[in-house]
Q: 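Handing you this structure, nothing more for now.
Ligands are counted one by one from 1 in listed order, and the atoms in each one are counted from 1 as well.
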Amino acid sequence: MNDLNIVILAAGKGTRMRSQLPKVLHPVAGKPILHHVLAAARQCQPNQIIVVYGFGGDQVQQHTPGDDIQWVYQAQQLGTGHAVQQAIPLLPDKGTTLILLGDVPLVDVTACQHMLKQAAQQLVVQTFIKDDPTGYGRIVRNAAGEVLAIVEHKDADADQRAIQEVNTGIMAMPTAKLKQWLQQINNHNAQQEYYLTDIIALSVQQGLAVLPFVVDDAWSVTGINSKQDLQLIEREKQRREAEQLMQQGVTLLDASRIDIRGHLHCGQDVTIDVNCVFEGHVSLGDNVHIGPHCVIKNSHIASGCQIHAFSHLESAEIGAHSRIGPYARLRPGSTLATDTHIGNFVEIKNTSIGKGSKVNHLSYVGDAVVGGNVNIGAGTITCNYDGAKKNKTIIEDDVFVGSDTQLVAPVTVAQGATIAAGSTITKDVPAHSLTLCRAREQRSIQGWKRPQKVKK
Ligand code: UD1
Ligand code: CA
């Protein structure tokens, strides 16, 4: 929108969070509360976004990227009006300003856009009817229903406290008017604060009617003040994420037991079992099935894959029709081609695995390049680390690695080779041969007795 400025108030301490972390940096769905507000602000396409910060300011800036943000410091939190006053030097004399609260992450963008359509000439205040309005600023109207003022809870008399219509804190107004009104507010009130809400009465005094904009979604006006609030908002946000997935056709075995901390993109006929956590950017192709209790972060899983229970994937690429887990761990840099099988208690790191290859049991494969149609037996370990640096293991196509093999990197196993079980491979293995390397051949000692426990 042309000539739109958005001011986000985020200087409050958030004492009730009982945390070293500034309130607006506490995460909802994996990203700081403030980032949700910023995302909403950006959807309104403003000319500039001004964030008024205070407590823990350096941290807030460090963790909030964005060239489009103007940071304004409020050294002392002397009230919401004082906070907006700090932004005055950055506000032009024309256009519209929208005020948002930095601790209201589920702010309703559509409502804001509607408010903005009417805010070029007058002050628009977002209000909400609350069963228990305690603590909020009350919307005082005259008999004709026109808004006269906002009275803060601590300044309100008994009649005013009975009013259930409250100020959500979100307002939009002509910028020039805002600047003018902000010069006129004072701190002569119960909290000795400069209230932004005093501009309502100032507008009315000037003969400029204030337009109330009543919203009915309680979540969209809920500010986070405590860990309890944080948890409630988190659950609501997750409920919405799950709802959206189901609308897109994703099958969720329990919509209340999925957590999406980032973006989850799903193809058609995806099924997700209970208690899965998705972080960062995750994409699931058509017909992917995710078993229960999986944690999947920044990964790409192609169509037809089955990820079995308790698997943990981070920065992994899984080719189509692969089968992972249960209890598999794919660490960053795991790139699997189509039709691969990674079984239970297998850890893969910084490794590519070719088409149709299998690592089915109890193995560690790190810093390796594994070809196609390879079978890696149970308990195989790539000894990739010599204490100083990481070394590569190369396993070419059609190799068979027997169980309990150690591959001491750097080492190459050439195409079609077979390694006998229990081998410790320290030299390159030639193609199409059987290689075995055991400490000594098997022998048996007849009549050998196990040590006996001594009876006391
Ligand atoms: C404010 C409103 C109240 C409204 C309520 C909605 C005022 C005077 N009151 O009350 O009418 O019902 O929000 O939640 O505006 N902040 C600063 N600097 C300050 C003070 C506050 O940046 O000096 C920020 C806070 O970080 C927060 C927001 O402004 O994001 C609201 O401040 P808060 O102290 O929560 O205001 P309330 O007293 O709850
Ligand atoms: Ca508040």
Q: Is there a donor in the side chain of His153 and an acceptor in the side chain of Thr134, or the other way round, less than 3.5 Å apart?
A: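 No - no donor-acceptor pair under 3.5 Å links their side chains.
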Q: Among side-chain atoms of Thr351 and Ser334, is any donor-acceptor pair under 3.5 angstrom?
A: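 No, no side-chain donor-acceptor contact under 3.5 Å.
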Q: Measuring from atom 21 (C) of ligand 1, which candidate in Leu9, Thr80, Val52, Ile33 has the nearest non-hydrogen atom?
A: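 Result: the heavy atom closest to atom 21 (C) of ligand 1 is in Thr80.
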Q: Does Glu146 pair with Arg141 as a salt bridge, N-O distance under 4.0 Å?
A: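 Result for this pair is no, no salt bridge flagged.
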Q: Looking at ligand 1, does any of its N/O atoms fall within less than 3.5 Å of an N/O of Leu101?
A: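 No, Leu101 has no N/O under 3.5 Å of an N/O on ligand 1.
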Q: Under a plain distance cut-off of 3.5 Å, with no hydrogens placed, do Asn225 and Lys23 share a side-chain donor-acceptor pair?
A: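 Short answer, yes.
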Q: By number and element, which atoms of ligand 1 are closer than 4.0 Å to a non-hydrogen atom of Leu78?
A: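 Listed by number with element: 23 (O).
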Q: Listed by chain and number, what are the side-chain hydrogen bond (donor to acceptor under 3.5 Å, both in side chains) partners of Thr97, not counting sequence neighbours?
A: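 Thr97 satisfies side-chain hydrogen bond (donor to acceptor under 3.5 Å, both in side chains) with Thr175 only.
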Q: To the nearest 0.5 Å, what is the distance between OG (Ser299) and NE2 (His312)?
A: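 One finds 9.5 Å between OG of Ser299 and NE2 of His312.
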Q: Any N or O of Gly137 that comes nearer than 3.5 Å to an N or O of ligand 1?
A: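 Such a contact does occur with ligand 1.
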Q: With nothing but distance in play, are any N or O atoms of Tyr136 less than 3.5 Å from an N or O of ligand 1?
A: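 Tyr136 vs ligand 1: no N/O contact under 3.5 Å.
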Q: Heavy atoms only, cut-off 4.0 Å: how does Gln74 contact ligand 1, side chain, backbone, both, or neither?
A: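 The side chain, only.
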Q: What part of Lys23, side chain, backbone, both or neither, has a heavy atom within less than 4.0 angstrom of ligand 1?
A: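 No part of Lys23 comes within reach of ligand 1.
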Q: Is there a donor in the side chain of Tyr385 and an acceptor in the side chain of Asn391, or the other way round, less than 3.5 Å apart?
A: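 Looking only at side-chain atoms, Asn391 and Tyr385 do not form any donor-acceptor pair under 3.5 Å.
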Q: If the cut-off is 4.0 Å to any non-hydrogen atom of Gln77, which atoms of ligand 1 fall inside it?
A: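 Heavy-atom distances to Gln77 below 4.0 Å select 18 (N), 19 (C), 23 (O).
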Q: Name the option, out of Gly135, Gly81, Gly79, that contains the heavy atom nearest to atom 20 (C) of ligand 1.
A: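 Of the listed residues, Gly79 has the closest heavy atom.
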